[in-house]
Amino acid sequence: ALIPRDPRGADRMVTRLSALLRAVLEHPPEHEHALRAELALLGQYVDVMRVRFGPRLVVEERVDPALGDALV
């Protein structure tokens, strides 16, 4: 649906979605991993949603950098 309306946005979305899927498939499933890694993956997902929803999407992230190594 995005291709006729915003071809460049559609291209960005597909590129970001493929990067997100690659990241998920490259990492073996673990029960716990660092919060930093989880937030990086979440950031890729939010990038895809930003293309989809544009300025309607507002995301605020407040995470203490000292917690990056915490296991989640």
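These figures come from a predicted structure and were not determined experimentally. In what follows, residues are counted from 1 in the order of the sequence shown. These numbers come from the heavy atoms of this one structure, side chains and all, not from hydrogens, waters or symmetry mates.
- Atoms CG and CD, from Leu21 and Gln44 in turn, are 9.5 Å apart once rounded to the nearest 0.5 Å.
- Partners of Asp47 under the salt bridge (charged side-chain N to carboxylate O under 4.0 Å, His left out) rule, at least two apart in sequence or in another chain, are Arg50.
- The side chain to side chain donor-acceptor pair (under 3.5 Å) check on Asp69 picks up Arg36, with sequence neighbours excluded.
- In the hydrophobic cluster analysis, where Ile, Leu, Val, Met, Phe, Trp and Tyr join through side-chain heavy atoms closer than 4.5 angstrom, Val48 is grouped together with Phe53.
- In this structure, Gly68 and Ala34 approach most closely via the heavy-atom pair O-CB, 3.5 Å.
- Residues Val51 and Val14 do not share a hydrophobic cluster, defined by chaining ILVMFWY side chains whose heavy atoms lie under 4.5 Å apart.
- Note that CG of Asp6 and CZ of Arg12 are 6.0 Å apart. Values are rounded to the nearest 0.5 Å.
- In terms of the side chain to side chain donor-acceptor pair (under 3.5 Å) criterion, residue partners of Glu38 (sequence neighbours excluded) are, by chain and number, His33.
- When the side chains of ILVMFWY residues are joined at heavy-atom separations under 4.5 Å, either directly or via intervening members, Met49 and Ile3 end up in two distinct hydrophobic clusters.
- Under the 4.5 Å side-chain heavy-atom criterion for ILVMFWY residues, a single connected hydrophobic cluster contains both Val59 and Val63.
- Checked by atom type and distance alone, the side chain of Arg16 never pairs as donor or acceptor with a backbone atom of Met13 at under 3.5 Å.
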